[in-house]
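This report concerns only the one structure given below.
In this chain, numbering begins with 1 at the start of the sequence shown. Since we're looking at a predicted model, the values are computed, not measured. Basis for what follows: all heavy atoms, side chains included, without hydrogens, waters or symmetry-related copies.
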Amino acid sequence: MNMHVNRPPLTIRLCGPRGFCAGVDRAIQIVVLALKAYGAPVYVRHEIVHNRYVVEGLEAKGAIFVEELNEIPEEHRQQPVVFSAHGVPKSVPEDAQSRNLFYLDATCPLVSKVHKQAMRHQRLGRHVVLIGHAGHPEVIGTMGQLPEGTVSLIETVEDAEAYQPADPDNLGYVTQTTLSVDDTAGVIAKLQERFPNLTAPAADSICYATTNRQEAVKQAAPGCDLFIVVGAPNSSNSKRLVEVALRAGATRSLLVQRAAEIDWDQVGDIRTLGISAGASAPEVIVDEIIEAFRARFDAKVELAITAEENEHFLVNRELRSIELTREDMAWVNG
């Protein structure tokens, strides 16, 4: 069957910025460089970033993913273990030291910055209010910087409404880096209305990449019959992009991991398609999905760019002398 006969026209609005942020790029580079420097296996505690393709690609190169450090066998104690980009509780590096493990921390510097802001609130005698999603590794990591009982997690405006602190005049907040900018503003406004002395962090906790990707989607979504966000179901920032697209006026929005999972009957007859990608989604998958649409539609791609990103975070000092080539990263960057 010739798919090129009478392919319907399609305009694809491709958002920029999209895909890898500097923290994700750095975390993946750390694993790739550690494999080059120390050989396989390199252990990684928790998914390095929330993306199956990335995890499987690193496994193919010799990375072994574990949930806890006690899963690392005795004979591999000399091999490095990498902590994921989401950050870890203080107990994890302490545990690694007590086991004589060599670890490389791939926590995003912008997550580490939130950890420091939370610790600063606490040092100055404030109870810490963390706005975020229960159970997300980043939230577990941030709460794990501080003593038990010194942090309260708030997820929604309703939580902010119901929250009863011991000392309403001594509160400081921080947020997870990957939240909805608009939703979080609502939660903070509610907390400020109830607790006028609430102290903000010295810098915004929601990171530049989350903010930029949401802004680009917001601009591109109005008038889209379908909006596809490339990303994983356990990726907080990707799920937020789906919500942003719908709220901004896309008729439908889907979170898609790979082209193969697109249900073309469900896609149906569309004229305008929006595409963005979460911060842990590789550009090669964006390309794969665009190609899948090109095979079925007479597609033209328009760039919907709202910002330029040129952030770059250095890898750990131990790895800086190892050369990283384009080929080393081509499996994700294309």
Side-chain angles (χ1 to χ4, degrees), residues 19-88 92-93 95-96 99 101-108 111 135-138 140-141 178 229-239 255-261 277-289 313 315-316 318-319 322-334:
F20 283 0
C21 59
V24 163
D25 213 22
R26 171 178 178 268
I28 296 169
Q29 287 176 15
I30 288 169
V31 181
V32 169
L33 288 168
L35 283 161
K36 282 184 102 162
Y38 305 103
V42 165
Y43 284 84
V44 184
R45 184 189 175 279
H46 188 72
E47 289 194 338
I48 184 73
V49 300
H50 285 157
N51 189 277
R52 257 345 288 154
Y53 176 89
V54 171
V55 167
E56 288 167 8
L58 290 170
E59 281 174 339
K61 294 178 188 297
I64 297 176
F65 288 80
V66 294
E67 280 308 308
E68 295 303 338
L69 299 180
N70 61 10
E71 296 171 52
I72 299 173
E74 197 63 53
E75 67 270 20
H76 288 157
R77 289 274 167 93
Q78 270 48 65
Q79 291 298 102
V81 56
V82 181
F83 301 154
S84 87
H86 309 102
V88 292
V92 173
D95 183 23
R99 294 171 188 277
L101 293 171
F102 164 44
Y103 67 85
L104 293 164
D105 191 348
T107 301
C108 172
V111 172
H136 189 280
E138 190 187 319
I140 294 167
T178 54
V229 175
V230 184
N234 61 338
S235 160
S236 169
N237 80 88
S238 305
K239 289 196 291 200
L255 186 61
V256 175
Q257 298 194 73
R258 300 294 303 266
E261 70 181 52
S280 41
E283 186 63 13
V284 289
I285 299 183
V286 176
D287 295 341
E288 169 188 289
I289 287 170
F313 299 143
V315 297
N316 313 55
E318 297 91 327
L319 300 172
I322 312 292
E323 193 202 358
L324 186 76
T325 66
R326 274 192 64 108
E327 287 68 47
D328 288 330
M329 296 294 283
W331 61 285
V332 281
N333 295 337

### Task
Working to the nearest 0.5 Å, report the span between CD of Glu47 and CG of Asn234.
5.0 Å
### Query
Do Pro93 and Phe83 come within less than 4.5 Å of each other through their side chains, counting heavy atoms only?
yes
### Phe20 and Val54: CA distance, side-chain angles, deciding distance, side-chain contact (heavy atoms from CB on, under 4.5 Å) verdict
CA-CA 11 Å; Phe20 283 0; Val54 171; 4.3 Å; yes
### Query
Are Ile322 and Tyr38 close enough that some pair of their side-chain heavy atoms sits under 4.5 Å apart?
no
#### Entry: Euclidean distance, Asn70 CG relative to Arg99 CZ, rounded to 0.5 Å
5.0 Å
### Task
Considering non-hydrogen atoms only, spot the tightest contact between Gly87 and Val111 and give its length.
CA-CG1, 4.4 Å
### Under 3.5 Å: donor-acceptor pair, side chain of Asn237, backbone of Ala279
yes
### Task
Output, in order, the C-alpha distance, side-chain angles, deciding distance and verdict of salt bridge (charged side-chain N to carboxylate O under 4.0 Å, His left out) for Arg45 and Glu67.
CA-CA 5 Å; Arg45 184 189 175 279; Glu67 280 308 308; over 6 Å; no
### Heavy-atom closest contact (Phe65 atom, Val55 atom, distance)
CE1-O, 3.6 Å
### Query
What is the minimum heavy-atom distance between Glu68 and Glu71, and which atoms define it?
N-OE2, 2.9 Å
### Task
Indicate the atoms forming the closest heavy-atom contact of Arg77 with Leu101, along with that distance.
CD-CD2, 3.4 Å
### Message
Before you tell me yes or no, could you show the steps for Arg258 and Arg52 under side-chain contact (heavy atoms from CB on, under 4.5 Å), namely the whole-Å CA-CA distance, both residues' side-chain angles and the distance that decides it to 0.1 Å?
### Response
CA-CA 10 Å; Arg258 300 294 303 266; Arg52 257 345 288 154; over 6 Å; no
### side-chain contact (heavy atoms from CB on, under 4.5 Å) between Leu58 and Val32, worked out
CA-CA 7 Å; Leu58 290 170; Val32 169; 3.8 Å; yes
### Short side-chain to backbone donor-acceptor contact, Lys36 and Glu323, under 3.5 Å
yes
### Query
Can you tell me how far NE2 of His50 sits from NE2 of His136, rounded to the nearest 0.5 angstrom?
5.0 Å
### Summary
Shortest non-hydrogen pair, Pro80 vs Leu104, comes out as CB-CD1, 4.0 Å
### Message
Nearest 0.5 Å, please: how far is CD1 in Ile72 from CD1 in Ile64?
### Response
9.0 Å
### Query
Do Asp105 side-chain atoms and Thr107 backbone N/O form a donor-acceptor pair below 3.5 Å?
yes
### Query
Within the side chain of Gln79, is there an N or O that forms a donor-acceptor pair under 3.5 Å with the backbone of Pro41?
yes
### Over 12 foreign heavy atoms within 6.0 Å of CD, Glu75
yes
## Note on the structure
CG (Asp328) and CG (Asn333) are apart, to the nearest 0.5 Å, by 10.5 Å
#### Entry: Gap between atom CG of Leu324 and atom CD1 of Ile30 - 0.5 Å precision
11.0 Å
### Query
Taking all non-hydrogen atoms of both residues, which atom of Ala63 and which atom of Val31 are closest, and how far apart?
CB-CG1, 4.1 Å
#### Entry: Candidate pair Tyr103 and Leu69, rule side-chain contact (heavy atoms from CB on, under 4.5 Å), full reasoning
CA-CA 10 Å; Tyr103 67 85; Leu69 299 180; over 6 Å; no
#### Entry: Close side-chain approach of Phe313 to Asp25, heavy-atom, < 4.5 Å
no
### Ser280 side chain to Asn51 backbone, donor-acceptor under 3.5 Å
no
